[in-house]
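A note on names: the letters A, B, ... follow the listed sequences, proteins ahead of strands, and every chain is numbered from 1.
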Amino acid sequence: EAGVAQSPRYKIIEKRQSVAFWCNPISGHATLYWYQQILGQGPKLLIQFQNNGVVDDSQLPKDRFSAERLKGVDSTLKIQPAKLEDSAVYLCASSLELSGNTEAFFGQGTRLTVV
Amino acid sequence: GQNIDQPTEMTATEGAIVQINCTYQTSGFNGLFWYQQHAGEAPTFLSYNVLDGLEEKGRFSSFLSRSKGYSYLLLKELQMKDSASYLCAVRDKGLNYGQNFVFGPGTRLSVLP
């Protein structure tokens, strides 16, 4: 079974530029998560989708971050404009359903460096 | 909201046993997960607890006490490859059933020869 795919693996941009990350979850997984992981910290939830609907985006900095999952499968996360403090690994994860003992499976992440 | 706490760093010796603790506060507990994350890699699932007690999986065991908001991950017969960060994550019912899969800060474990 293919895992969660993310691209690109690495990205370096200057502050105030924009960037987009792509995620393809495991086939059949209804729930998709985007996390931000700053070096030395645990993953911080940015947004959760159930199919193509947003379940929780309470910690997404909406003035600069946006995410969509138009057909309930792939998802993109965009930052515009980027700040230095956005340097982190952006992890996408998916799970079969929203509840119960279904664990989340993670992609390899995109390491973003803002200079 | 949730509050999840773990020790920042731990050190242990190869072949020993180590216990990594996690305390949490949630509004609607719906399960606790442990993940392992090697440097530069994605987190991988280790264990799940939703009822009180001990779950054993080979060298790894996880314990949960819901009344105390407490869990631990027990690693036996430590190997060098167990050097990694260990993340405690809680599924909290939140506003809607089954939402909010939230991670703690992680515990970085160093296994020494």
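Separation of atoms OG (A/Ser95) and CZ (B/Phe33) is listed at 8.0 Å; rounding is to 0.5 Å. Taken from CG in A/Leu91 to CD in B/Gln37, the straight-line distance is 6.5 Å, to the nearest 0.5 Å.
Between A/Tyr33 and B/Phe101, the ring planes lie tilted relative to each other; the angle falls in the 30° to 60° range.
Between chain B and the options A/Gly40, A/Pro43, A/Gly109, heavy-atom pairs under 4.5 Å are most frequent for A/Pro43. Taking chain A as the reference chain and counting heavy-atom pairs below 4.5 Å, the highest number among B/Cys88, B/Pro43, B/Ala89 is found for B/Pro43.
Residue contact with chain B, scored on non-hydrogen atoms closer than 4.5 Å, involves the side chain of A/Gln37 exclusively. Neither the backbone nor the side chain of B/Gln6 has a heavy atom closer than 4.5 Å to any heavy atom of chain A.
When side chains are defined from C-beta on, B/Tyr35 counts as touching A/Glu103, because their heavy atoms get closer than 4.5 Å.
Without hydrogens or angle criteria, A/Tyr35 side chain to B/Val102 main chain gives no donor-acceptor distance under 3.5 Å. The backbone N or O of B/Gly40 sits nowhere less than 3.5 Å from a side-chain atom of A/Arg111 that would complete a donor-acceptor pair.
Residues of residues 103-113 of chain B that come closer than 4.5 Å to chain A, counting heavy atoms only, are B/Phe103, B/Gly104, B/Pro105, ordered by residue number.
For B/Ala42 against A/Gly107, the heavy-atom pair with the smallest separation is CB-O, 2.9 Å.
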